[in-house]
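Quick note: numbers below take in every heavy atom, side chains included, and nothing from hydrogens, waters or symmetry partners.
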Amino acid sequence: MVVIEEKWPVLARHERAAEWLRIWTDLGRAPRTIDAYARGLAEYLQVCERDGVDPLTANRSQVAAFVRELTSRPGRRGANVVALDSGKGLANATLQQRLVPVRLFYDFLVEEGLRDSNPVGRGRYRPGQGFGGGPRPLVPRMVKLP
């Protein structure tokens, strides 16, 4: 875990996040999986710190702000690469990769009795249409993402 905290120092500042990652490590998850979880959660925690949000008490709209940032973040693909999505923000697969650890972290907090519910929905992002497709989308369908 020391290596993860060195790579993602924000995790060392959030005891519950570090605890959650240690549990996944102890369960024998692959190192690359742990690293991907650490990256996604670290990015979320950095946004929480920047915006003055306590991740333990964050609500759906605060998580949605993180998602909006991900959808507007420039992708790494070059100008000559044709993408099948909107061409704006991270690719859908990358977006899902960043949200899975955040959702799992909140599931952990619910299981530990630290939260009543998980603010991360299980909807699916569709470029140009936002989130939805599940019983509990992250962003209500009436809200259009920029």
Sequence neighbours left out, what passes side-chain contact (heavy atoms from CB on, under 4.5 Å) with D35? Give chain and number order. I4, K7, W8
Passes side-chain contact (heavy atoms from CB on, under 4.5 Å), L70 versus E43? Steps please. CA-CA 10 Å; L70 290 177; E43 286 184 10; 4.0 Å; yes
Between CD1 on residue I23 and CG on residue L104, distance to nearest 0.5 Å: 12.0 Å
Run the side-chain contact (heavy atoms from CB on, under 4.5 Å) test against R115 and tell me which residues pass, sequence neighbours left out. Y106, L109, V110, P119
Which residues pass the side chain to side chain donor-acceptor pair (under 3.5 Å) test with R29, sequence neighbours left out? none
Y44 versus A58, closest heavy-atom pair with distance: OH-CB, 3.4 Å
Taking only residues two or more places apart in sequence, or in another chain, which ones meet Y37 in a side chain to side chain donor-acceptor pair (under 3.5 Å)? none
Which heavy atom of A36 sits nearest a heavy atom of P101, and at what distance? O-CG, 4.3 Å
Listed by chain and number, what are the side chain to side chain donor-acceptor pair (under 3.5 Å) partners of R32, not counting sequence neighbours? none
Run the numbers on L41 and W20 for side-chain contact (heavy atoms from CB on, under 4.5 Å), then give the verdict. CA-CA 10 Å; L41 190 55; W20 175 75; 3.7 Å; yes
Residues passing the side-chain contact (heavy atoms from CB on, under 4.5 Å) test with N59, sequence neighbours excluded, are S61, Q62
Taking side chain to side chain donor-acceptor pair (under 3.5 Å) as the definition, give me every residue that meets it alongside E112, ordered by chain and number, with sequence neighbours left out. none
Can you check side-chain contact (heavy atoms from CB on, under 4.5 Å) on Q97 and R39, steps first, answer last? CA-CA 9 Å; Q97 227 175 15; R39 178 183 182 168; over 6 Å; no
If you measure from OG1 on T33 to CG on L27, what distance do you get to the nearest 0.5 Å? 12.0 Å
Can you tell me how far apart CD (Q46) and CZ (F66) are? Round to the nearest 0.5 Å. 9.0 Å
Salt-bridge test for E19 and R22: reply yes if a basic N is under 4.0 Å from a carboxylate O, no otherwise. no
When rounded to the nearest 0.5 angstrom, what distance separates CZ in R60 from OG in S117? 8.5 Å
Please round to the nearest 0.5 Å and tell me the distance separating atom CG of L45 and atom CZ of R16. 14.0 Å
Under 4.5 Å between side-chain heavy atoms, hopping through other hydrophobics if needed: is there a path connecting V102 to V53? no
Do any pairs count as a salt bridge (charged side-chain N to carboxylate O under 4.0 Å, His left out) and have a residue in residues 50-59, sequence neighbours left out, and if so which ones? R50-E69
